Amino acid sequence: MSHLQPVSIDRIATPHPLDPLTGEEIAAARAVLVTAGLLGDSVRVPMLLPDEPTTQELAAWSPGAAIDRRVDATLLDVTTGVATEVVVSITRGEVLRSARVPNDAPPYGQPQYLFEEYERAEAIVKASPEWQAAMRRRGLEDHMALAFCGPLAPGYTGRADEVGRRVIRSLTFLKYDEHDSPWAHPVEGLVVHIDLTANSVIRIDDDGDVPVPEGHGNYYPETQGAPRTTLRPIEITQPEGPSFAVTGSLVEWEKWAMRVSFNAREGLVLHDVSFDGRSVLSRASVPEMVVPYGDTAPGRFWISYFDAGEYLLGKNANHLELGCDCLGVIRYLDGYVADDHGHPVRIPNVICMHEEDYGILWKHTDLAGRSDVRRSRRFVISYFSTIGNYDYGFYWHFYLDGSIEVVAKATGIVFAGAGEPGVRQPHATELAPGVFAPVHQHLFCARLDVAIDGADNRLVEIDAQRIPMGPDNPFGNAFTWSETPLVSEGAAQRDADSSVARVWEVQSASRTNHVGRPTAYHLIPEPTALLMADPASSVAARAAFATHHLWATRNEPGQLWPAGRYPNAHQGGSGLPEYTADDRSLDGEDIVLWHTFGLTHFPRPEDWPIMPVDYAGFWFKPYGFLDQNPAMDIPESSQAHSAAGSGCCGGGDACTCAH
Ligand code: CO
C-alpha cells in the first residue's frame, strides 16, 4: 500500500462546483461529523468522496456565486461492524442525511478496507496458535517473524461463518531478508480467514502444501547485475513551454477544455469535456475494475479483487516523480483523500499532465511531387495506483483531430502460488521453478456520461454487413452497414464483435452536421474477452458489469458504481443490474455509457520478476461531429531540434525526420 504524506493545504483560486475536494474541506467535513457525534473513538472513515452538484445546481450556478460543497462518507464502527452513510454540507456545517448500511443482511456488502486493517490482519495471523502450528509443521518456524501475511478481500462464498461479517483472508509469503520480495515465496495451501470486527481467526485451511519456492523475485538493480550501458539519452525539450493552460481545475489544450478532478475511489475524474466549445462528455472516469482468478485451489478460487470498490484506487494512488513516469514539460496536480480517521491527506503530484509527440497526423505527396505533412500530438492526463502486488496506470489521451483514447496499463508483480516444479497445472502457468501464476483477468469499466452537443443523445449500434450474392449484389463484392438503435437500457447491453467491425455511435438528438446527419462520436472497443467465469458463479453476479462490453443507462444522481457501492463480500446484483432494472428509455435522453475492456492473462516467464506494462483501452472518435478534419490549420513543424544523424530515418542528407 502506498504511504500517504501529511497534510498541506492549497486553496483553489478560482472555485468551481466541480472542483475536487481540498484538504481544508475534508477537515471541515470531519469537524461536522465530530460535532454531530458521528465520529467517536471507535469509528473510522472507509470512504469519503465529494457529493457532486446535481445537473440543476450546475445549471443555476454562475462564477462567483455560492456553492453548496458536500461530502458523501461511509463511517464504520470497527468494534461493532455497524456502517453508516452520511452526507455533509461543508458550506452549511451540517449533516444532511444519515442512514445505516444494511451490511448484515442480504445482499450484504462491506465498506472499503481501512489501511489499519491490513496491519491488524497481519497481527491477528501472527498471534494465531493455529498459524504458528501450521508454519512449524512445514518447518518454517524460523521464517515467522519476517513472513508477509497478505490481506485479501474474501469474495463471496456464501459460507454461514462468513456472510454478513467483515472478513479478510490472509495468504502467507516468506521473506528471506528484510528487502526480499515476498511474492516469490508463497506458502501454498495456508489460508487464514479473519473476522476483523471480532479481531479473531474464523478458521484456517492448511493442506496441499508443497515446498516454498526459494528463487528470489527481486527486481532492485542491486539484485540484477550491472545495468547495460548501450542506451543513449532521449531528451524531450519544449523550449517555449507546453501548449496547455491550467486555471484552477480548468485545463485547456488546443481545442479541448475540461475540468480535472480526483477522488479517493475513482481516482481521476474528468468533467465538462468539450472540443472547440462543443460538449462531448459531461463526466468521465474508470470507476471500477475486477481481477477474477481462474484457479480452483482453496487459496485462490475466491479471488476477485474490485480494486476501486474494495480497496479505493484514489486512496492508493502514487505520488508521481518528475522524469519517472512521463517525459517533457509536466504539470502535476495534488489530490486530497481522507485517511482512516477522516483527516485530510495530500497526495502530491497525483495527476500528471503533459503533451506527447505522436508521429504523423496527416500526410500526402501530390501528383506534382509536393509533400505536406503535419505532426500529431496528444495531451495526456494520467495517474497510477498501487494495490498490493499490482500497479495500474490510467491514461486519457486527447488528440488534435478530436479523438479521445483511454488506456489502462497493468504492471507490477504477478500474483503466484507454489507447485511441484515442472508439473503442468490446468489453471496456472509456471513462471519460475515452482512459482505458479493463476490465470486471471483485469476487466476495467469506464463510465462515460456522454453529452454530444448537449445532454439529449441517442445510441446506435453499427455493424459492417455482408450481402449475399444476388440481385442486390450481382458481383458479390458489395457490402454495407446496419444501424440498430439501442433505445432502452435492456437493449443496450451489448458485446463487441470485431468480425463485423462493431462500433457504438452516440448521436446528438438535436444537432446535425453539414451533410444533414446527427453529430456523433463512436465508441470503438477492442476485441477483448469478457468475464470467463461461469454465468452461475459468484463472481459473475458480483461483477455483472464484466459480462458485457457495453451497458447504457439514463443519467441519474448517485449511479456511479458498476458493481455497486460495496462490492466487498457482496453476494451480487448491485450496480449495473440494479441501475438497468427498469429498462428506461435512452431515446433522446442524458445517456451514460459503461464500457468493459481489459486483459486476460496467461502469465509468462517474461512477466517475472516484474511484469512489463500490458495495455488495454478503447477509442472515442468524432464521426460527423465535425464538418471536416479539424486539424487542417496545424502548422508545419520546425525540425530545429532534430538531427539527421545515424538512427534517424536511417541517416542521409535527404532525411527530414518527419516520420
Ligand atoms: Co495480470
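Just follow the structure's listing: the first ligand is 1, and inside any ligand the first atom is 1. Everything numeric in this text was worked out from a predicted model, so none of it was measured.
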- On the ring face of F115, is K315 found with NZ or CZ under 6.0 Å from the centre and within 45° of the axis? yes
- For the Co ion (ligand 1), which N, O or S atom of H442 is at the shortest distance? NE2
- Please say whether the positively charged group of K409, taken as NZ for Lys or CZ for Arg, lies over the ring of F394, i.e. under 6.0 angstrom from the six-membered ring centre and within 45 degrees of the axis. no
- M144 atom CE, neighbour heavy-atom count above 12 within 6.0 Å: yes
- Have a look at H601 and say which of its N, O or S atoms is nearest the Co ion (ligand 1). ND1
- Kindly assign one of parallel, tilted or perpendicular to the pair H440 and Y293, based on the angle between their ring planes and the thresholds 30° and 60°. parallel
- Query: Has Y390 got an N, O or S atom lying less than 2.8 Å from the Co ion (ligand 1)?
  - Reply: yes
